[in-house]
Student: 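Please see the structure below; I have some questions.
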Amino acid sequence: MSGSQPFPPLPDLSEAERIARAKAAFERLKSRHSCRAFSDAPVPREVIEYAIRAAGTAPNGANHQPWHFAVIGSPDKKRAVREAAEAEERRFYGDDGEKPKASEEWLDALAPIGTNASKPFLETAPWLIACFAQRTGGIDEDGETQNYYVNESVGIACGMLIATLHEAGLATLTHTPSPMGFLRDLCGRPKIEKPLMIVVVGHPAADATVPEHALQKKPLEQIASWL
Ligand code: IYR
């Protein structure tokens, strides 16, 4: 397809309004925290549909849109994901009686977050969105055409997915059991797709907490430089 159309109009705001909007967006986004205890309260499928549509608008390499989102909502499938993920996590944390697959340094880094191999939320939360990156396929998903900047593209799309779900007043967790090959089989996805993460979606459990460690955000002066 060639040709173009005029750039769609953006809101014509005063400088003060732009600053206020940017600040408001920051304030809303900064209230997002990864949730590790979910209630079983339902979430309408339409919310997930819109969040995935939003993710599908992400900037990406050559507009090949190299992503697929497999939405898992059935109790049977969620149980299967939990069982497979926990089996990997037991190896990661060394709960299988073997030497942990994670390095000591990695386990030390996770200690303040308090994670372990137990992942009951994979069954409790109403939705698991398995996010896949397509190494090949192009816009027609022909399975052959080279895709570009795949990790960057799908990473941005997942960020937009998470931001949209947060806007909808929902809690999320980006869960990354490693390795994640089992997800491809469980979701019936082709070999050219690489599972990147599971975005767990739902309402936080009444006793959900945020670890102190997660509240420390690097200040602007540290994360930005001006040249
Ligand atoms: N996938 C493991 C380990 C884990 C790794 C990182 I890096 C985290 O930020 C959190 C967890 C787990 O889910 O427990």
Side-chain angles (χ1 to χ4, degrees), residues 1-8 10 34 43-89 91-92 101-102 106 119 122-123 125-168 170 172-201:
M1 214 188 295
S2 60
S4 60
Q5 61 172 53
F7 198 84
L10 288 165
S34 290
V43 166
R45 173 177 160 147
E46 252 189 301
V47 176
I48 308 299
E49 290 177 352
Y50 278 119
I52 293 174
R53 284 191 182 103
T57 69
N60 66 90
N63 199 33
H64 286 189
Q65 303 160 64
W67 40 64
H68 182 87
F69 302 93
V71 187
I72 301 161
S74 83
D76 285 355
K77 219 29 142 190
K78 286 195 286 181
R79 189 175 320 113
V81 171
R82 176 183 179 183
E83 279 169 13
E86 285 185 334
E88 293 299 357
E89 297 293 3
R91 286 187 275 274
F92 178 88
K101 279 178 66 186
W106 195 346
K119 308 293 177 191
L122 291 173
E123 278 191 86
W127 299 107
L128 312 176
I129 308 177
C131 306
F132 292 88
Q134 300 175 328
R135 287 183 267 255
T136 55
I139 197 160
D140 296 324
E141 305 208 350
D142 61 14
E144 284 172 22
T145 303
Q146 185 60 49
N147 288 338
Y148 306 97
Y149 298 106
V150 170
N151 289 336
E152 293 84 344
S153 301
V154 186
I156 297 168
C158 288
M160 292 171 65
L161 178 78
I162 291 164
T164 305
L165 292 164
H166 179 65
E167 283 281 295
L170 293 170
T172 57
L173 176 69
T174 47
H175 179 48
T176 52
S178 159
M180 242 183 308
F182 68 85
L183 260 191
R184 198 191 290 120
D185 300 333
L186 279 176
C187 300
R189 300 307 304 167
K191 269 269 170 345
I192 55 110
E193 291 187 2
K194 178 175 81 165
L196 264 204
M197 64 182 77
I198 302 171
V199 175
V200 183
V201 190

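This chain uses plain numbering: 1 for the first residue, then up along the sequence.
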Student: Counting only heavy atoms from other residues, nucleotides and ligands, does the tally under 6.0 Å from CZ of Arg53 exceed 12?
Tutor: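 Yes, CZ of Arg53 has more than 12 neighbouring heavy atoms, counting only those of other groups under 6.0 Å.
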Student: Can you tell me how far CG of Leu165 sits from CG of Leu170, rounded to the nearest 0.5 angstrom?
Tutor: 6.0 Å
Student: What distance separates Asn60 CG from Gln134 CD, expressed to the nearest 0.5 Å?
Tutor: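 Interatomic distance, Asn60 CG to Gln134 CD, rounded to 0.5 Å: 10.5 Å.
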Student: Can you name the closest pair of heavy atoms from Ala55 and Met160 and give their distance?
Tutor: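 Looks like CA-CB, 4.3 Å.
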Student: Using every non-hydrogen atom in the two residues, find where Lys101 and Pro179 come nearest and quote the distance to one decimal.
Tutor: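 Here Lys101 and Pro179 meet closest at NZ-CD, 3.3 Å.
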Student: Decide yes or no for Ile139 and Gln65: does some side-chain heavy atom of the first lie under 4.5 Å from some side-chain heavy atom of the second?
Tutor: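 Yes, side chains in contact.
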Student: Let me have the donor-acceptor pairs involving side chains of residues 151-159, under 3.5 Å, with sequence neighbours excluded, atom names and distances please.
Tutor:
from: Asn151; atom 1: OD1; to: Lys194; atom 2: NZ; distance (Å): 3.2
from: Ser153; atom 1: OG; to: Gly61; atom 2: N; distance (Å): 3.0
from: Ser153; atom 1: OG; to: Tyr149; atom 2: O; distance (Å): 2.6

Student: Counting C-beta onward and ignoring hydrogens, is there a side-chain heavy-atom pair between Leu183 and Pro177 closer than 4.5 Å?
Tutor: no
Student: Look up atom OG1 in Thr174 and atom CD1 in Ile129, then write down how far apart they are to the nearest 0.5 Å.
Tutor: 12.0 Å
Student: Nearest 0.5 angstrom please: Leu173 CG to Ile198 CD1, how far?
Tutor: 9.0 Å
Student: Determine the minimum heavy-atom distance between Asn147 and His64, stating which atoms define it.
Tutor: OD1-ND1, 2.9 Å
Student: Could you tell me which non-hydrogen atom of His175 sits nearest to which non-hydrogen atom of Val200, and how far apart they are?
Tutor: CB-CG2, 4.2 Å
Student: Hey, is the main chain of Val201 close enough, under 3.5 Å, to the side chain of Thr172 for a donor-acceptor pair?
Tutor: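 Flag not set: sc Thr172 to bb Val201 has no pair under 3.5 Å.
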Student: Under a 3.5 Å distance rule, please check whether Arg184 uses its side chain to pair with a backbone N or O of Glu193 as donor and acceptor.
Tutor: yes
Student: Can you find a heavy atom in the side chain of Met197 that is under 4.5 Å from one in the side chain of Thr176?
Tutor: yes
Student: Working to the nearest 0.5 Å, report the span between CD of Glu123 and CG of Asp76.
Tutor: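 Between atom CD of Glu123 and atom CG of Asp76 there are 9.5 Å.
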Student: At what distance, to the nearest 0.5 angstrom, does CG of Leu186 lie from CD of Glu83?
Tutor: 10.0 Å
Student: Checking Asp140 side chain against Asp142 main chain: does a donor-acceptor pair fall under 3.5 Å?
Tutor: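 Not a single qualifying donor-acceptor pair exists.
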Student: How far apart are the closest heavy atoms of Ala133 and Leu196, and which atoms are they?
Tutor: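 Taking Ala133 first and Leu196 second, the nearest heavy atoms are CB-CG, 4.0 Å.
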Student: Treating Trp127 as the side-chain partner and Val43 as the backbone partner, does any N or O pair qualify as donor plus acceptor under 3.5 Å?
Tutor: yes
Student: May I ask you to decide whether Lys119 forms a salt bridge with Glu86, counting only side-chain N to carboxylate O separations under 4.0 Å?
Tutor: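 No, this pair does not count.
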Student: Pair up each side-chain donor or acceptor in residues 66-74 with any protein partner under 3.5 Å, not counting sequence neighbours, and list the distances.
Tutor:
from: His68; atom 1: ND1; to: Arg189; atom 2: NH2; distance (Å): 3.3
from: His68; atom 1: NE2; to: Arg189; atom 2: NH1; distance (Å): 3.3
from: Ser74; atom 1: OG; to: Lys77; atom 2: N; distance (Å): 3.2

Student: Considering non-hydrogen atoms only, spot the tightest contact between Pro195 and Met180 and give its length.
Tutor: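 Closest approach of Pro195 to Met180: CG-O, 3.3 Å.
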